[in-house]
Amino acid sequence: MTPEAPGHAGGDALHFSVLTLFPELLRPFTQEALLGRAAANGLLKFDLHDLREHAGNRWRKVDDTPYGGGAGMVIRVDVVERALAALPSTPDEVILLTPAGQRFDQRLAEELAGRQHIALLCGRYEGFDARVEGLVTREVSIGDYVMMGGEAAAACIMEAVGRLRPGVIGDEESWRADSYSSGLLDYPEYTRPAEWQGHGVPQVLMGGNHAAITRWRRDRALERTLARRPDLLPGAGLTPEDSSALLTLGVDADALAGHGAPPPPTPKRKRTRRPKTPQEPV
Ligand code: ADE
């Protein structure tokens, strides 16, 4: 049996409907590389909808000045309502992309991979009329910075969610070992040349001892996560062996619990063998 992405029940293509003022910005994401191949193979489905088609006026104007005054323009809620109503099926998730939303992360990607039809609503200008809140299931931000629109955020979500559907990435197992799916950052990888500008490849990777390689990779993932994202350690399901590795990496024994690490394995007591009684010659 092939492993399934968490939260995904299998079956039909995952359908993304993107509502945007710039559908052509996203076209390459849906046609090239692995997402494009998944769409061609019927694993994912992408529909790009131009919000201007639903402007309701011959100037295709979708925005207006904000009540109360101020700079910028606001996208009208009735335009969004018509665009959503025109979708061929009702999405089970309607996401407004905004820097004011819930932060997107791997856990949310895994949750969304279980949906059948996700609508992504991309803003531009000053944003949407606040009443769109009543039309969406959630608001999502891809990080604490402000972009000029939600299209790049929609692309991030399609990439991160799409790759969790079975068959989308070649190696079904590879998403499990990835940064975040394992709870830790990725371990470093190397390939030829074995020697490059004075930099070699760690000897253990050249040796073919698979148990040693697995442990080395786990230790490097722990080392990287400790150095770069220690906040991830408590959620990473650390084992007693990981705790030993953390101690070797310089973590104080008292600090292990704070990183969500269990006590390290108790060293096995050496069995003291009773000296053999010399056989009496008979
Ligand atoms: N639109 C503009 N900035 C954004 C962000 N950080 N996340 C999602 N949508 C956005």
Side-chain angles (χ1 to χ4, degrees), residues 7 14-30 32-33 35 44 46-55 60-68 70-84 87 91-115 117-165 178-181 185 228-229 231-232:
L14 170 57
H15 185 178
F16 289 100
S17 293
V18 186
L19 287 70
T20 163
L21 292 171
F22 300 98
E24 295 316 310
L25 268 184
L26 284 160
R27 189 86 55 203
F29 268 98
T30 65
E32 301 286 332
L35 288 187
L44 301 175
F46 300 104
D47 281 322
L48 305 177
H49 300 274
D50 188 343
L51 280 171
R52 290 188 198 285
E53 302 286 325
H54 307 281
R60 292 163 58 85
K61 188 169 152 52
V62 295
D63 56 357
D64 214 326
T65 50
Y67 280 118
M73 300 292 272
V74 178
I75 299 176
R76 294 165 55 116
V77 63
D78 57 328
V79 172
V80 177
E81 182 194 22
R82 283 192 292 274
L84 286 170
L87 293 178
D92 46 359
E93 193 79 57
V94 180
I95 298 176
L96 172 64
L97 296 155
T98 161
Q102 154 192 17
R103 179 78 79 82
F104 186 60
D105 59 12
Q106 191 65 23
R107 195 201 49 73
L108 181 53
E110 287 168 3
E111 189 182 336
L112 295 176
R115 301 286 186 268
H117 183 184
I118 300 172
L120 298 168
L121 181 55
C122 308
R124 282 268 149 181
Y125 317 127
E126 292 307 294
F128 289 95
D129 183 305
R131 292 168 287 183
V132 291
E133 234 178 75
L135 299 175
V136 304
T137 53
R138 65 175 94 215
E139 301 183 26
V140 171
S141 162
I142 60 161
D144 292 342
Y145 40 83
V146 181
M147 298 184 294
M148 290 178 284
E151 286 76 13
C156 288
I157 291 179
M158 292 192 295
E159 283 266 342
V161 175
R163 67 188 287 286
L164 295 176
R165 296 287 282 209
D178 284 341
S179 293
Y180 297 105
S181 283
L185 301 185
R228 301 179 188 180
R229 292 294 306 277
D231 57 301
L232 294 177

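Residue numbers count from 1 along this sequence. Remember, it's 1-based here, ligands and their atoms both numbered in the order they're listed.
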Is any side-chain heavy atom of V136 less than 4.5 Å from a side-chain heavy atom of E93?
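No, their side chains stay 4.5 Å or more apart.
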
Out of M147, M148, R103, whose heavy atom sits nearest atom 2 (C) of ligand 1?
M147

At less than 4.0 angstrom from any non-hydrogen atom of G149, what atoms of ligand 1 do you find?
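In order of number, 1 (N), 2 (C).
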
Atoms in ligand 1 with a heavy atom of A153 nearer than 4.0 Å:
8 (C), 9 (N)

Counting only N and O atoms by type, is there a donor-acceptor contact under 3.5 Å from the side chain of [X] to the main-chain atoms of [Y]?
| X | Y | answer |
| --- | --- | --- |
| R103 | V140 | no |
| T137 | V94 | yes |
| R82 | H54 | yes |

What protein heavy atom sits nearest [atom], and how far away is it?
| atom | answer |
| --- | --- |
| atom 9 (N) of ligand 1 | T98 N, 3.3 Å |
| atom 10 (C) of ligand 1 | P99 CD, 3.6 Å |
| atom 7 (N) of ligand 1 | I142 N, 3.0 Å |
| atom 6 (N) of ligand 1 | Y145 O, 2.8 Å |

Any chance the side chains of T20 and H49 put a donor and an acceptor closer than 3.5 Å?
no

Is the shortest distance from a heavy atom of V140 to ligand 1 less than 4.0 Å?
yes

Show, in sequence, the C-alpha distance, side-chain angles and deciding distance for E24 and R27, and conclude whether the salt bridge (Lys or Arg N to Asp or Glu O under 4.0 Å) test is met.
CA-CA 5 Å; E24 295 316 310; R27 189 86 55 203; 2.6 Å; yes

